[in-house]
Amino acid sequence: MSLEVTRKENQQPTPPTGGHNGNGMAVLQSMATTHRLRLNPNTEHKPESYEGLHLEFSPLLFSSLERYLPPPMLSLSRDSKLHYMRDIILRYSPEGERTRVQKQREYRQKIISHYQPLHRELYAMHASNFFAPSFLKAIKENKEESFRSIMAEPTQGVFTFEMLQPHFCELLLSEVENFEKWVHETKFRIMRPNTMNKFGAVLDDFGLETMLGKLMEDFIRPISKVFFSDVGGSTLDSHHGFVVEYGINRDVELGFHVDDSEVTLNVCLGKQFSGGELFFRGVRCDKHVNTETQSDEILDYSHVPGRAVLHRGRHRHGARATTSGHRVNLLLWCRSSVFRELRKYQKDFSSWCGECQREKKERQRVSIAATKQELLKREGKPAT
């Protein structure tokens, strides 16, 4: 599955001012020529918020990149840092990508300017009304032991936990139904969530983008930082949020695939249904995506409304047929632009790819065996 998504912004940022003081462009240009981005992020630095600015890229991307700025630049104004980071991003962003982003923004704006939300309380983050108390407590404590206390890990790298309150699930289902009714009445042609689902809706497209951004930034990223740091879990900076629908006259099942995400959140919203189990078959890099599944990588999971499944996007999975009723799931594909850039230059993915790990262990086994035989040969003993 793949569909690139960016965040919509509203306000034009103030251009950086000229001058020679601590916030001026003369200082910025001087620093830009004498300093380079940090190799590793400054985890102690609290970045600026770039929300509400009319930008070509996600505000979370700028907040994430700010942690990589050289120390002398961190004291500059937000506009100065924004100008510097934007120049870097534009340098590496193809023109075709910027055009696609602009068209996506115009498409969303057209929907939002005409669609009237049914439940406006969904469009801003109200954590105490959305999430289960146990989930909020674990997020507040922000420790691995707190997260594990509310989670099950039925197979390595797949975590399940109670997350959403029933009332929130009901409201979101109602909002999606209202949007689909509007689409039907207006005959507005919408883009579906991905290349594999013909039913469902992209939540970001009709105004829920900001709320879902907060969900990723404040609730999923802290967990991903602990459990998925090897695939950019600590630098998640953009998302694609959508619902999928299964049942009669809808999608029935979902084939074996990997997601276009670093980390995927999957929460069943309801309603009444039978079947539709998720099946997982191990994490793979691009090279090994079609390799065989090992016995310890097999997991079948049955959905429970309000209960979340969190896993790496490269964890191969699919959904069995929903044999009766109507099932709706909330999906949040969380992405890290930093990880994606670094991955271009990597050759070893054994920190997260199951097949790379097995190949590495086999190379080590062969090397140890060869070394042992060489030592025995030198000592004149027969090799075993």
Side-chain angles (χ1 to χ4, degrees), residues 7 43-44 46-47 49 51 58-60 63-64 117 119-154 157-176 203-204 207-229 232-243 261-271 278 301-313 328-336:
R7 295 169 61 87
T43 56
E44 297 181 357
K46 183 176 176 58
S49 171
E51 298 284 347
S58 163
L60 288 177
S63 295
S64 178
H119 302 292
R120 292 192 177 276
E121 60 268 37
L122 290 173
Y123 289 75
M125 177 56 70
H126 302 290
S128 61
N129 295 332
F130 292 179
F131 303 122
S134 58
F135 177 73
L136 286 176
K137 182 174 182 291
I139 292 295
K140 183 177 181 180
E141 293 174 358
N142 196 25
K143 298 177 181 178
E144 181 175 349
E145 54 265 34
S146 300
F147 297 144
R148 287 196 179 275
S149 71
I150 65 167
M151 291 175 166
E153 190 178 5
V158 177
F159 300 92
T160 68
F161 49 93
E162 294 294 331
M163 182 178 179
L164 299 179
Q165 292 188 23
H167 183 59
F168 173 83
C169 295
E170 292 169 4
L171 287 180
L172 187 53
L173 284 170
S174 175
E175 188 67 46
V176 170
L203 301 177
D204 299 314
L208 287 165
E209 183 181 26
T210 298
M211 186 274 284
L212 293 176
K214 293 293 289 182
L215 168 59
M216 183 192 74
E217 185 175 7
D218 296 342
F219 299 91
I220 302 307
R221 192 161 65 188
I223 299 174
S224 300
K225 182 178 180 180
V226 172
F227 298 114
F228 304 123
S229 61
S234 61
T235 56
L236 301 176
D237 53 24
S238 67
H239 74 270
H240 176 45
F242 56 96
V243 293
S261 69
E262 274 59 75
V263 177
T264 293
L265 173 72
N266 186 343
V267 194
C268 181
L269 301 176
K271 305 177 179 179
L278 280 177
Y301 171 81
S302 297
H303 287 290
V304 178
R307 191 168 180 84
V309 183
L310 193 69
H311 60 87
R312 291 174 181 83
V328 184
N329 280 52
L330 164 66
L331 277 295
L332 192 69
W333 286 354
C334 305
R335 296 160 173 161
S336 167

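Below, all heavy atoms of this structure are taken into account, side chains as well, without hydrogens, waters or symmetry copies.
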side-chain hydrogen bond (donor to acceptor under 3.5 Å, both in side chains) partners of E262, counting only residues at least two apart: R340
By side-chain contact (heavy atoms from CB on, under 4.5 Å) - contacts of L164 (at least two apart): F131, F168, C169, V267, L269, L330
Inter-residue atom distance L265.CG - H239.NE2, 0.5 Å rounding: 11.5 Å
Separation of L212 CG from C334 SG (nearest 0.5 Å): 9.5 Å
Non-hydrogen side-chain atoms of R335 and H240 separated by less than 4.5 Å: yes
side-chain contact (heavy atoms from CB on, under 4.5 Å) evaluation trace for V263 with R312: CA-CA 4 Å; V263 177; R312 291 174 181 83; 5.8 Å; no
For F228, ring pair (Phe, Tyr, Trp, His ring centres under 6.0 Å) partners two or more places apart: F159
Salt bridge (charged side-chain N to carboxylate O under 4.0 Å, His left out) partners for E121, two or more places apart: none
Side-chain (N266) to main-chain (V309) donor-acceptor, under 3.5 angstrom: no
Pair L215-L332, side-chain contact (heavy atoms from CB on, under 4.5 Å): steps then yes or no: CA-CA 9 Å; L215 168 59; L332 192 69; 3.9 Å; yes
Exercise: identify the closest heavy-atom pair between M125 and M211: CE-O, 3.6 Å
Closest approach of A138 to S146 (non-hydrogen atoms, all atoms of both residues): CB-O, 3.6 Å
Heavy-atom closest pair, residues C268 and V304: CB-O, 3.7 Å
All pairs passing side-chain hydrogen bond (donor to acceptor under 3.5 Å, both in side chains) where residues 122-131 contributes a residue, at least two apart: Y123-E175
Partner residues of T235 under the side-chain contact (heavy atoms from CB on, under 4.5 Å) criterion, sequence neighbours left out: S64, Y68, S336, V338
Extract all donor-acceptor atom pairs below 3.5 Å that involve side chains of residues 217-226 and protein atoms in other chains or at least two apart in sequence.
| unit_1 | atom_1 | unit_2 | atom_2 | d |
| --- | --- | --- | --- | --- |
| D218 | OD2 | K214 | NZ | 3.0 |
| R221 | NH1 | L236 | O | 2.7 |
| S224 | OG | I220 | O | 3.0 |

Pairing residues for E170 by the salt bridge (charged side-chain N to carboxylate O under 4.0 Å, His left out) criterion, not counting sequence neighbours: none
Parallel, tilted or perpendicular: rings of Y301 and H303 (30°, 60°): perpendicular
Point-to-point distance, once rounded to the nearest 0.5 Å, from CE of M216 to OG of S238: 6.5 Å
Where at least one partner belongs to residues 131-143, residue pairs that pass salt bridge (Lys or Arg N to Asp or Glu O under 4.0 Å), sequence neighbours excluded: K137-E141
Set of side-chain hydrogen bond (donor to acceptor under 3.5 Å, both in side chains) partners for H311, sequence neighbours left out: none
4.5 Å side-chain heavy-atom contact, F147 and N142: yes
Set of side-chain hydrogen bond (donor to acceptor under 3.5 Å, both in side chains) partners for T160, sequence neighbours left out: R307
Test side-chain hydrogen bond (donor to acceptor under 3.5 Å, both in side chains) applied to T264 - qualifying residues, sequence neighbours left out: D259, S261
Test item: F227 and E144 side chains (from C-beta on) under 4.5 Å apart, heavy atoms: yes
